[in-house]
Amino acid sequence: MPRIAHDPSLEAEPDFGSEAFCILRDIIILNDPTFNQQSAAEHLADIHRLDCACHLADWQAQMEEDEQAAVAAQVALQQQEDQEKAEQQAAEDAEKWEREKKKPKMKGFNADSMVHENILPCPSQYAIHKLRAFKYVKLWYFTPEGCLSTLLKNKSTANGSYTFTKDGPGFLLLKSTALHRPSSKVLHDHDLSWRQFNIGKNNFLLHIARMDWPAEHQATLAMFFIAITSHEIRTQPKGEQILLQYASQVHREWHDSLISDDEGFNISTFNDALPIKILNTTWINAQAESLKQVSVFSPPCP
């Protein structure tokens with residue numbers, strides 16, 4: 001139905017008795033001689049009022065439809081605004097959560113507990129970073145010499161030193177050099193003295209316990225070091241050197257096996273065949289070095 005432009009009730013009723021409607025009145029009288037000019041004018045007025053009543057009903061229906069459409073549009077607009085506010089709030093909450101997640105956390109403390117009598121020696125941030133990632137790190141970092149080197153380096157080097165590290169193809173990240181630069185003084189485990197090895201492995205075990213390494217891994221490493229330090233080979237010639245070589249090789253191999261596709265092994269089980277191979281290799285290298293020294297200092301044949 002065509003849209004009604006204005007309210008029919010506001011329209012003024014025409015004067016059907018005027019000269020303008022004379023032709024219409026004559027037509028009515030011609031079709032029905034019972035009508036005269038006055039009754040014909042009244043008849044036209046009745047028809048007009050009936051038509052206005054019909055238009056008024058359509059107008060009211062149109063107004064109700066417009067009102068319902070306006071209410072629906074207002075509801076839709078309010079829903080859209082509510083959704084946009086909810087999305088904006090969710091984005092702000094997510095951003096706030098990310099900031100809170102990255103913000104350094106400080107644990108609480110026991111007000112009734114005093115400082116410990118023994119302070120755990122502190123290795124370098126490089127070694128701590130390796131431990132947190134469950135990666136292999138040389139025991140030198142946990143020896144008194146390694147911890148002292150860290151202390152001296154912290155006094156002479158700015159803590160704000162940074163370097164670029166790769167993060168996938170074509171990407172670089174700026175990270176602290178303390179986390180990614182090993183010490184230039186570091187020794188392999190087999191180059192440590194027996195005292196350094198013994199102190200270093202104890203400090204190492206304390207630090208992995210503090211960092212909540214899996215209990216199974218802590219226990220098997222503790223048994224591994226006990227097997228090394230208590231093995232009977234130690235009393236034999238070059239026994240400590242052989243055991244240090246064994247510990248150095250096996251400890252590194254165990255860590256490598258944990259991150260490879262192959263199944264890891266139980267490091268606490270001592271392999272008695274490996275020290276024999278290490279001993280043979282040590283003697284062969286020693287003999288070769290002796291022959292080299294002899295050839296250097298032997299006078300030429302006449």
Side-chain angles (χ1 to χ4, degrees), residues 121 123-124 126-131 133-147 149 182-209 211 213-298:
S124 68
Y126 170 81
I128 296 298
H129 179 69
K130 289 283 188 180
L131 288 188
F134 304 112
K135 293 182 179 180
Y136 171 78
V137 59
K138 295 181 176 67
L139 293 180
W140 176 87
Y141 288 102
F142 303 92
T143 64
E145 293 77 9
C147 294
S149 176
S183 173
S184 59
K185 300 179 181 180
V186 65
L187 299 176
H188 294 289
D189 288 0
H190 53 266
D191 291 328
L192 298 175
S193 68
W194 188 260
R195 173 183 173 276
Q196 287 177 318
F197 172 80
N198 208 25
I199 296 176
K201 57 93 174 172
N202 290 339
N203 195 11
F204 168 80
L205 291 173
L206 291 173
H207 273 87
I208 65 174
M211 294 184 185
W213 274 35
E216 181 182 10
H217 293 64
Q218 292 186 51
T220 194
L221 282 170
M223 293 302 297
F224 164 71
F225 288 122
I226 290 175
I228 297 294
T229 55
S230 62
H231 201 279
E232 59 184 10
I233 296 178
R234 184 184 173 191
T235 60
Q236 299 178 9
K238 295 186 179 295
E240 291 183 350
Q241 180 181 348
I242 294 170
L243 289 172
L244 289 176
Q245 285 282 355
Y246 178 96
S248 178
Q249 296 178 26
V250 174
H251 190 196
R252 181 62 180 263
E253 180 68 19
W254 182 72
H255 272 278
D256 290 343
S257 71
L258 295 180
I259 61 176
S260 67
D261 295 332
D262 300 330
E263 185 178 6
F265 59 89
N266 185 357
I267 192 175
S268 65
T269 303
F270 196 93
N271 187 340
D272 291 313
L274 183 56
I276 297 175
K277 295 182 64 175
I278 294 174
L279 177 61
N280 292 336
T281 301
T282 302
W283 281 113
I284 291 173
N285 292 337
Q287 290 175 355
E289 184 65 24
S290 298
L291 291 174
K292 181 178 178 181
Q293 294 295 329
V294 170
S295 64
V296 170
F297 293 104
S298 296

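If you read the sequence from its start, that first residue is 1, and numbering goes on from there. Computed over heavy atoms, backbone and side chain alike; hydrogens, waters and symmetry mates excluded.
Looking at heavy atoms from C-beta onward, L243 lies out of side-chain contact with P275 at the 4.5 angstrom threshold. Between H255 and K135 there is no side-chain heavy-atom pair separated by less than 4.5 Å. At a threshold of 4.5 Å between non-hydrogen side-chain atoms, the residues F265 and N271 do not count as touching. Looking at H251 and L221, their side chains come closer than 4.5 Å, going by heavy atoms from C-beta outward. Counting heavy atoms from C-beta on, the side chains of L274 and I278 come closer than 4.5 Å. In this structure, the side chains of F142 and C147 stay at 4.5 Å or more apart for every pair of heavy atoms. You'll find the side chain of L187 reaches within 4.5 Å of the side chain of L192, heavy atoms only. In this structure the side chain of F204 never reaches within 4.5 angstrom of the side chain of P123, judged on heavy atoms.
Contact between T229 and F197 at its shortest, heavy atoms only, is CG2-CE2, 4.1 Å. Nearest approach of G264 to S257, heavy atoms of both residues: CA-OG, 3.6 Å. Of all non-hydrogen atoms in I228 and W194, the two that sit nearest each other are O-CH2, 4.0 Å. Here the closest non-hydrogen pair linking T269 and Y246 is O-OH, 4.0 Å.
Legend: residues meeting side chain to side chain contact (heavy atoms under 4.5 Å, CB included) with L258, ordered by chain and number and at least two apart, are H217, W254. The ring pair (Phe, Tyr, Trp, His ring centres under 6.0 Å) test applied to F224 returns no partner, not counting sequence neighbours. Judged as a ring pair (Phe, Tyr, Trp, His ring centres under 6.0 Å), and not counting sequence neighbours, the contacts of H231 are F270. Under the rule for a ring pair (Phe, Tyr, Trp, His ring centres under 6.0 Å), the partners of F134 that lie at least two apart in sequence or sit in another chain are W213. By the salt bridge (Lys or Arg N to Asp or Glu O under 4.0 Å) test, D256 pairs with R252, sequence neighbours left out. Here H190 pairs with S248 under the side-chain hydrogen bond (donor to acceptor under 3.5 Å, both in side chains) rule; sequence neighbours left out. For Q249, the side-chain hydrogen bond (donor to acceptor under 3.5 Å, both in side chains) partners are Q245, not counting sequence neighbours.
Note that CG of N203 is 13.0 Å distant from CD of Q196, once rounded to the nearest 0.5 Å. Here the straight-line distance linking atom CG of L244 with atom CG of N198 works out to 10.0 Å at 0.5 Å rounding. The CD atom of Q236 sits 6.0 Å away from the CD1 atom of I233 when rounded to the nearest 0.5 Å. S193 OG to E240 CD: the interatomic distance, rounded to the nearest 0.5 Å, is 9.0 Å.
Residue pairs meeting the salt bridge (Lys or Arg N to Asp or Glu O under 4.0 Å) criterion with at least one member in residues 183-204, sequence neighbours excluded, are E145-R195.
Side chains of N266 and T220: a donor-acceptor N/O pair is present below 3.5 angstrom, by distance only.
A donor-acceptor contact shorter than 3.5 Å is absent between the side chain of S149 and the backbone of G146. For the pair Y126 (side chain) and V137 (backbone), a donor-acceptor distance under 3.5 Å is absent.
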